[in-house]
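Just below is one structure, and these are the notes that go with it.
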Amino acid sequence: MKKLSVDLGERSYPIYIGQDLLSSANLFSEVIRSSQVMIVSNTTVASLYLTQLSESLIEYQPRSYLIPDGESFKNLSVMQDIVTQLLENKFSRNACLIALGGGVIGDITGFAAACYQRGIKYIQIPTTLLAQVDSSVGGKTAVNHALGKNMIGAFHQPAAVFSDSKALNTLPDRELVAGLAEVIKYGLIRDEAFFVWLEENIEGLIARDTACLEYAIERSCINKAEVVARDETEQGQRALLNFGHTFGHAVETGLNYRGWLHGEAVGLGMLMAADLSCRSGWITEDKLQRIGSILQKTGLPLSLPDELEYADMRGLMSVDKKARDGELFLVLLKDIGDAFVTSQFDEKLLQFTVEHFTSKASGD
Ligand SMILES: NC(=O)c1ccc[n+]([C@@H]2O[C@H](COP(=O)([O-])OP(=O)(O)OC[C@H]3O[C@@H](n4cnc5c(N)ncnc54)[C@H](O)[C@@H]3O)[C@@H](O)[C@H]2O)c1
Ligand SMILES: [Zn+2]
């Protein structure tokens with residue numbers, strides 16, 4: 001088992017990565033200081049892992065609250081149901097919530113913990129690759145509003161993160177590969193050596209080799225923890241984590257969040273950002289090819305869906321959160337392992353990039 005730390009002064013917390021952590025009763029008792037514990041999960045994940053987790057928490061006689069599976073349940077009404085459960089069970093400020101699931105469960109449970117009696121403790125037990133390498137670390141919590149994703153939220157750090165690599169065995173292939181996009185992101189934005197390791201080990205990751213997966217989770221969490229420790233509330237450097245996301249969010253919004261997974265949209269978004277970086281003369285053709293090649297090996301989709309053309313994409317990109325005062329800021333690459341934020345890109349080159357990835361253009 002590996003133990004990392006997110007260094008945030010008195011809000012610092014450990015990340016444990018290993019096998020069978022769901023059964024690690026002794027580790028849980030190091031973190032939980034309350035007799036009031038509630039596990040929040042969804043019906044899919046609970047049917048796989050709730051019994052195992054409840055057994056290791058037996059001394060707390062944990063309650064559980066299950067929500068249906070899906071992003072559409074990450075909303076205020078479900079969050080209020082969680083709060084109602086806490087109130088009905090007379091949970092105090094000293095209580096502890098446990099998020100057992102992917103990013104949807106982590107985000108809504110974290111937000112409920114941030115709000116209940118102005119903030120109670122919670123633990124992240126992420127069960128998707130995306131949640132293990134990204135959403136469980138860093139304290140961003142949120143629910144969706146009908147008018148926008150993640151529009152109601154708070155920064156609230158967990159008390160600990162337990163990433164059990166064995167839980168990934170049941171994850172559908174498509175979800176695993178979508179998580180790999182966020183893993184590759186860390187290599188591209190700030191860790192060239194990790195990118196080289198990923199180039200050499202991508203087949204092992206896709207084949208779910210445990211050692212490969214645990215190393216990738218560890219290295220991703222180290223990178224995320226470093227960024228978060230320097231810029232907890234996204235005033236500067238944390239924005240680099242949005243590499244590929246302005247393009248990706250445009251795809252997700254353009255498709256009404258149906259059809260493509262977040263990581264799939266980010267995978268294509270990263271390739272588009274790399275393509276624009278190359279057209280702008282910031283990275284070489286050779287580096288762009290290496291990025292294209294690793295993404296291709298994952299099987300992530302690498303051209304835009306039929307219904308999205310340049311005008312749609314450009315319109316959607318300018319409503320992205322990163323468009324400040326009407327000016328579009330993009331995270332681009334100066335090198336593999338070196339990203340920067342800029343609004344100083346050539347609009348015409350952006351158009352060429354987007355057009356290059358439209359379904360009509362692909363196959364050229
Ligand atoms: N807070 C953050 O910093 C942050 C960062 C990135 C993404 N997010 C959020 O995370 C969410 C996406 O997370 P996600 O990709 O984990 O999706 P998800 O939580 O919807 O999980 C994906 C699917 O996998 C299933 N699943 C989960 N674990 C499983 C397992 N071990 N075995 C089998 N099936 C399993 C889930 O039930 C679901 O059907 C979005 O809401 C996004 O906004 C948050
Ligand atoms: Zn993402």
Side-chain angles (χ1 to χ4, degrees), residues 6 22 40-50 52-53 66-75 78 99-111 114 122 124-145 148-158 161 163-186 189 208 213 220-221 224-225 227-228 232-234 238-249 251-253 257 260-270 321 331:
V6 185
L22 284 167
V40 180
S41 190
N42 73 22
T43 44
T44 308
V45 178
S47 69
L48 295 163
Y49 302 111
L50 183 60
Q52 189 187 351
L53 179 62
L66 304 188
I67 63 184
D69 190 354
E71 177 79 33
S72 62
F73 298 97
K74 197 179 106 176
N75 62 41
V78 173
L100 173 69
V104 166
I105 291 296
D107 277 13
I108 194 168
T109 308
F111 187 52
Y122 75 112
Q124 291 274 16
I125 307 189
T127 61
T128 63
L129 183 59
L130 179 130
Q132 296 191 350
V133 299
D134 189 0
S135 61
S136 66
V137 176
K140 275 194 186 178
T141 75
V143 294
N144 301 327
H145 186 279
K149 199 167 179 280
N150 294 328
M151 282 297 136
I152 308 164
F155 285 98
H156 186 50
Q157 300 292 343
V161 180
S163 281
D164 189 331
S165 59
K166 262 201 182 167
L168 300 179
N169 288 339
T170 53
L171 194 65
D173 287 337
R174 201 175 153 199
E175 296 285 351
L176 185 91
V177 166
L180 283 178
E182 303 278 4
V183 172
I184 293 168
K185 179 184 80 179
Y186 295 112
I189 62 171
R208 300 179 195 233
L213 279 172
S220 299
C221 288
K224 178 132 190 200
V227 172
V228 168
E232 187 179 6
T233 56
E234 198 167 324
R238 192 165 175 170
L240 298 182
L241 297 173
N242 294 321
F243 178 63
H245 282 60
T246 302
F247 293 98
H249 285 153
V251 173
E252 290 185 279
T253 318
Y257 295 96
W260 282 44
L261 299 176
H262 173 73
E264 293 172 335
V266 168
L268 173 58
M270 294 194 301
K321 269 186 291 190
V331 184

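Indexing begins at 1, ligand by ligand and atom by atom, following the structure's order.
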What residue and heavy atom of the protein are closest to [atom], and at what distance?
atom	result
atom 21 (O) of ligand 1	Thr128 CG2, 3.6 Å
atom 20 (O) of ligand 1	Val104 CG2, 3.4 Å
atom 35 (C) of ligand 1	Leu171 CD1, 3.7 Å
atom 23 (C) of ligand 1	Glu175 OE2, 3.5 Å
atom 9 (C) of ligand 1	Asp107 OD2, 3.3 Å
atom 33 (C) of ligand 1	Thr170 O, 3.2 Å
atom 5 (C) of ligand 1	Ser135 CB, 3.5 Å

Would you mind telling me if ligand 1 is within reach of the side chain of [X], the backbone, both or neither, using heavy atoms under 4.0 Å?
X	result
Asn150	side chain
Asp134	side chain
Asn42	side chain
Lys140	both
Leu48	side chain
Thr44	side chain

Looking only at distance, does [X] have an N or O less than 3.5 Å from an N or O of ligand 1?
X	value
Pro172	no
Ala131	no
Glu71	yes
Thr127	yes
Leu130	no

Could you state the interatomic distance from [atom1] ([X]) to [atom2] ([Y]), rounded to the nearest 0.5 Å?
X	Y	atom1	atom2	answer
Leu22	Lys166	CG	NZ	10.0 Å
Glu252	His245	CD	NE2	8.0 Å
Thr128	Leu168	OG1	CG	8.0 Å

TODO: Restricting to N/O/S, name the atom of Glu182 that gets closest to the Zn ion (ligand 2).
DONE: OE2

Open item on the list: With a 4.0 Å cut-off on N to O distance, would you call Arg208 and Asp173 a salt bridge?
Closed with: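 Salt bridge present between Arg208 and Asp173.
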
Open item on the list: I'd like to check which ligand 1 atoms, numbered from 1 as shown, lie under 4.0 Å from a non-hydrogen atom of Ala167.
Closed with: 30 (C), 31 (N)

Open item on the list: Using the rule side-chain hydrogen bond (donor to acceptor under 3.5 Å, both in side chains), only one of Lys74, His145, Lys140 pairs with Asn150; which is it?
Closed with: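 Testing each of Lys74, His145, Lys140 against Asn150, the sole residue satisfying side-chain hydrogen bond (donor to acceptor under 3.5 Å, both in side chains) is Lys74.
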
Just go through [options] and tell me whose heavy atom is the nearest to [atom].
atom	options	value
atom 17 (O) of ligand 1	Gly103, Ala46, Ser41, Ser47	Gly103
atom 42 (C) of ligand 1	Gln132, His262, Lys149, Lys166	Lys149
atom 36 (C) of ligand 1	Leu168, Asp69, Val266	Asp69

Task: Angular separation of NE2 (His245) and NE2 (His262) seen from the Zn ion (ligand 2), to 10° - done: 100°

TODO: Give a yes or no answer on whether the side chain of Gln132 reaches the backbone of Asp164 with a donor-acceptor pair at less than 3.5 Å.
DONE: yes

Open item on the list: If we count only non-hydrogen protein atoms and require a distance under 4.0 Å, does atom 25 (C) of ligand 1 qualify as touching the protein?
Closed with: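 No, there is no protein heavy atom closer to it than 4.0 Å.
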
Open item on the list: Does either side chain, that of Thr170 or that of Tyr49, offer a donor lying less than 3.5 Å from an acceptor on the other one?
Closed with: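 Judged by distance alone, the side chains do pair up.
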
